[in-house]
Amino acid sequence: MGIEIQNENEYGADQIQILEGLEAVRKRPGMYIGSTSSRGLHHLVYEIVDNAVDEALAGYCKNIEVTINVDNSITVEDDGRGIPVGMNHKAGKSALEVVYTVLHAGGKFGGGGYKVSGGLHGVGASVVNALSTNLIVEVYQNGKVYCQSYKLGKPEYDVKVIDECELEKHGTKVTFHPDPDIFEETVYDYDTLKQRLRETAFLTKGLRIVLNDARGEETRTHEFHYAGGIKEFVTYLNKNKESLYPEVIYCEGSKDNVYVEVAMQHNDSYNDATYSFVNNIITPEGGTHLAGFRNALTKTFNSYARANKILKENEAPLTGDDIREGLTAIISVKIEEPQFEGQTKQKLGNSEARGAVDSVVSEQLTYFLEQNPAVAKNICEKSLLAQRAREAARKARDLTRRKTALEGMSLPGKLADCSDKDPKNCEIFIVEGDSAGGSAKTARSRATQAILPLRGKILNVEKARLDKIYGNAEIKAMITAFGTGIHEDFDISKLRYNKIIIMTDADVDGAHISTLMLTFLYRFMPELIKEGHVYLAQPPLYKIEKNKNVWYAYSDEELNKILLEIGRDTNNKIQRYKGLGEMDAEQLWETTMDPEKRILKRVMIDEENSSEIDVTFTTLMGDKVEPRREFIEENAKYVQNLDI
C-alpha cells in the first residue's frame, strides 16, 4: 500500500488518498521494477523465471521453458511443485490468488516456504500481474489443471479446475501481456533474454532452461543446461582468451548458514572480470561476499609466494590488483536472509558472507596451490609481471603529475578548449584526423565546445598493460583533457566536460576508431559511461540538393523518404559523405555539432549484462580471430550501412 498526497489547494483529511494493493504498483511502477523502459519490460520475465528458479534451488524443478509469443506476450512454464491452490485461511481465498494479487505475499518471508530465494523483493508475481493487461496462470497438481485469469491485476473468476492431466505432472504455467499504457516499449529482445537465462542456467547447476521465440517465420530456440554450473560459466567467459592453465579452480562449502561457490581461472588478458551473485541475482556493486573473496585471494597467494621463495623477504607483497590481473571469477553465495544496500539489490551487506567466502576460498585455494605447484608458479609469475608494470605505470603517472604541477596543469597542445569553465555547460568532441579537426575547430561554438583531434588509431587497450597505456600520446592527451585520471586515480568530480562526444567518419575506419575509444573508456573510465557522459555523434550519410534547397539524410530510409517527398528526377544531386573532412565548417555545424539540430547517441551500460559486455569486447578487440569471424557471421544480417 502506498500513500499519495494530492496537490490541490484544499488539503484536508479526505485529500489523503490510499492506494489499495496493486494500484500502488500501477501508479509508481518504477519503484517495483526499476523503470518502465525496455529494462523494466524484461524484468517482468525475470521475476516469473526467478520464482521457478526458487523451486529449482529447493530441489523440485528441473526444467523451465520461456516463450516469446507472436503477440509479444510471454509464457513461462516450469515443472516445480506448482503454486499451492488450496485455501489460505488468513486471506480467505486461494493461495494462488493471494500470490498474484497481494504485494509481499509468497513463500519467501519465513515460514519454511523456501530456504533461499531470488526475485526482486518478494513482490514478483503480483507486480507482473499488476503491470499486465491480462495474465493467465495454470497449475498442474494431483492430476488436475487449475486456472485463474486476471485483467490489470484483478481476478476475472475464482481459481477453478479446467482440465485433467497425468497424475505425475506438476508445475506452473504463466502467460502475461505487458501493458502498453505503462511500458514505453513492449517488444521483447531475444538476445537480452538469452543472456540473462544463460547466466541463470550457469548459476543453477543442472537446471535446463529453454528459450523460444515464436515471432519469426521459424521458431528460434536456445537450450541452456550446464552440469558443471559456474565452472562452465568461467570457461564460457574465457572462451575467446588464452587460459593460463587448463583447469578451472573451484571452491565450494558452507559456513554460518552461507553456501559459497567460487570458480576462477586466469587468462592472458590484463583485466579483472569478477562477477558476484547472491541467490542467483547479480550484485554489480559487489559487497561483503566480494570483499571476502578478494581478501582470501590476496592473503593466500602472498603466503604461497613467500613460502615458496617466489617472493623474496625484502620484496613488496603482491597487491590484489596484481593477482587479479587477467582473472575471470564467479562468486555465487546463497543466503537465507540477504541484506542489500540500495533499493535494487546492487550490493550485498551481510557481514557473515565476508567471513564465509574468505574461509572457504582460503582453505580450498591453499590446497589447490599445494597440489598444483606448476599452476601456482604460473599465476605468481604473471602477478609479479603485473606488479612491475604497475610500478612502471605509477612512475609514469608521478612523472606526469610532477610535470603538470610544474607547468600548471597544461592541457594537450592540440586541444582547442572552450572558454566556459563550468563543466555542466561544456562538451568535448574527440575527432579523428587533423582535417576534420580543422573543420570542427572552425565550426564549433567556442564558448562551450572543445575539440581534441586524434592522429590515427589509438592503442587497443584490450591488448596492453597500464604502463603501455600511459606511454601512448593520444591516450595521454585524452586523460589530461578529461581531467578525471584513470583506473584507481579516477575521480569523476574532476571531469571538465559534461558531454564527451566521439565524432568519427561514417565508414569502417571511423567505426573502428569509435570501438577503440569505447574499449578504452569501458576498461579504464567505466563511470563516464555509467553516468551517461559518453556520446557518439551521428554525421549525415547523404546530402541532397534540388533547386537550391538542401536536405541531409542520416540513413538510407531517410534518404528514400526525402526522395519520395521531393520526387525522384534528374534535378536531384545526391552526395554520399565518406568522411567528416568532405564537409565545410558550416555543414559540419549544421548537421553534426549544433545542439539544436544534431543527433547524438548516448552510450549506455546495462550492469545486469556486464559479463556479456565483457565477452563482446574480448571477441571484438582480443587476439583470437576465429571468435571475431563467428561474431561477424552471426550479426551480419543486422548491418545497416555497409561500407565496401
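The figures that follow rest on heavy atoms only: side chains count, while hydrogens, waters and symmetry mates do not. For reference, positions follow the sequence shown, starting with 1.
Put simply, CG on Leu384 and CZ on Arg390 are 10.5 Å apart, with the number rounded to the nearest 0.5 Å. Atom CD1 of Ile428 and atom CD1 of Ile430 lie 4.5 Å apart (nearest 0.5 Å). Here the straight-line distance linking atom CE of Met604 with atom CZ of Arg39 works out to 8.5 Å at 0.5 Å rounding. We find the CG-CG distance between Leu516 and Asn460 to be 5.5 Å, quoted to the nearest 0.5 Å. To the nearest 0.5 Å, the span separating CG on Leu518 from CD1 on Ile529 amounts to 6.0 Å. Summarising the geometry, atom CG belonging to Asp505 is positioned 9.5 Å from atom OG belonging to Ser514; distances are rounded to the nearest 0.5 Å.
For residues 294-315, the salt bridge (charged side-chain N to carboxylate O under 4.0 Å, His left out) pairs, not counting sequence neighbours, are Asp272-Arg294, Lys299-Asp358. Here salt bridge (charged side-chain N to carboxylate O under 4.0 Å, His left out) pairs that include residues 516-536, with residues two or more places apart or in two chains, are Glu462-Arg523, Arg523-Asp614, Glu527-Lys530, Lys530-Glu607.
The cationic group of Lys334 does not satisfy the cation-pi geometry with Tyr259, failing either the under 6.0 Å distance to the six-membered ring centre or the 45° limit from the ring axis. Judged by a 6.0 Å distance limit and a 45° cone about the ring axis, Arg220 is positioned over the six-membered ring of Tyr190.
At most 12 heavy atoms of other shown residues, nucleotides or ligands fall within 6.0 angstrom of atom NZ in Lys494. Other residues, nucleotides and ligands place no more than 12 heavy atoms under 6.0 Å from the NZ atom of Lys377.
Electrostatic pairing of Asp268 and Lys241 does not count as a salt bridge here, judged by no charged N lying under 4.0 Å from a carboxylate O. The existence of a salt bridge linking Glu612 and Arg198 is confirmed by a sub-4.0 Å separation between a basic side-chain nitrogen and an acidic carboxylate oxygen.
The closest side-chain donor-acceptor pair between Arg465 and Tyr270, if any, does not fall under 3.5 angstrom. Between Asn472 and Glu474, the side chains place no donor N or O within less than 3.5 Å of an acceptor N or O (distance only, hydrogens not considered). One side chain, Tyr250 or Glu261, offers a donor N or O that lies under 3.5 Å from an acceptor on the other. A donor-acceptor contact closer than 3.5 angstrom links the side chains of Asn280 and Thr204. Checking Asn267 against Ser269 by side-chain atom types alone, a donor-acceptor pair falls below 3.5 Å.
Just one of Thr618, Asn238, Thr274 meets the side chain to side chain donor-acceptor pair (under 3.5 Å) condition when paired with Thr328; it is Asn238.
Annotation: side chain of Lys347 is not in contact with side chain of Leu290 (no heavy-atom distance under 4.5 Å). The closest side-chain heavy-atom distance from Val260 to Phe293 is not below 4.5 Å. A heavy-atom distance below 4.5 Å is not found between the side chains of His225 and Leu207. For the pair His289/Arg354, no side-chain contact is recorded, criterion being any heavy-atom separation below 4.5 Å from C-beta on.
In this structure, the ring of Phe482 has its center no less than 6.0 angstrom from the ring center of Tyr497. Ring centroid separation for the pair Tyr226 and Phe233 does not come in under the 6.0 Å cut-off.
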side-chain contact (heavy atoms from CB on, under 4.5 Å) between Leu495 and Ile500, worked out: CA-CA 10 Å; Leu495 181 63; Ile500 293 164; 4.1 Å; yes
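Ring orientation note: the planes of Tyr188 and His42 are nearly perpendicular, at an angle over 60° on the 30°/60° scale.
Between Val431 and Gly437, the shortest heavy-atom distance links the atoms CG1-N, 3.8 Å.
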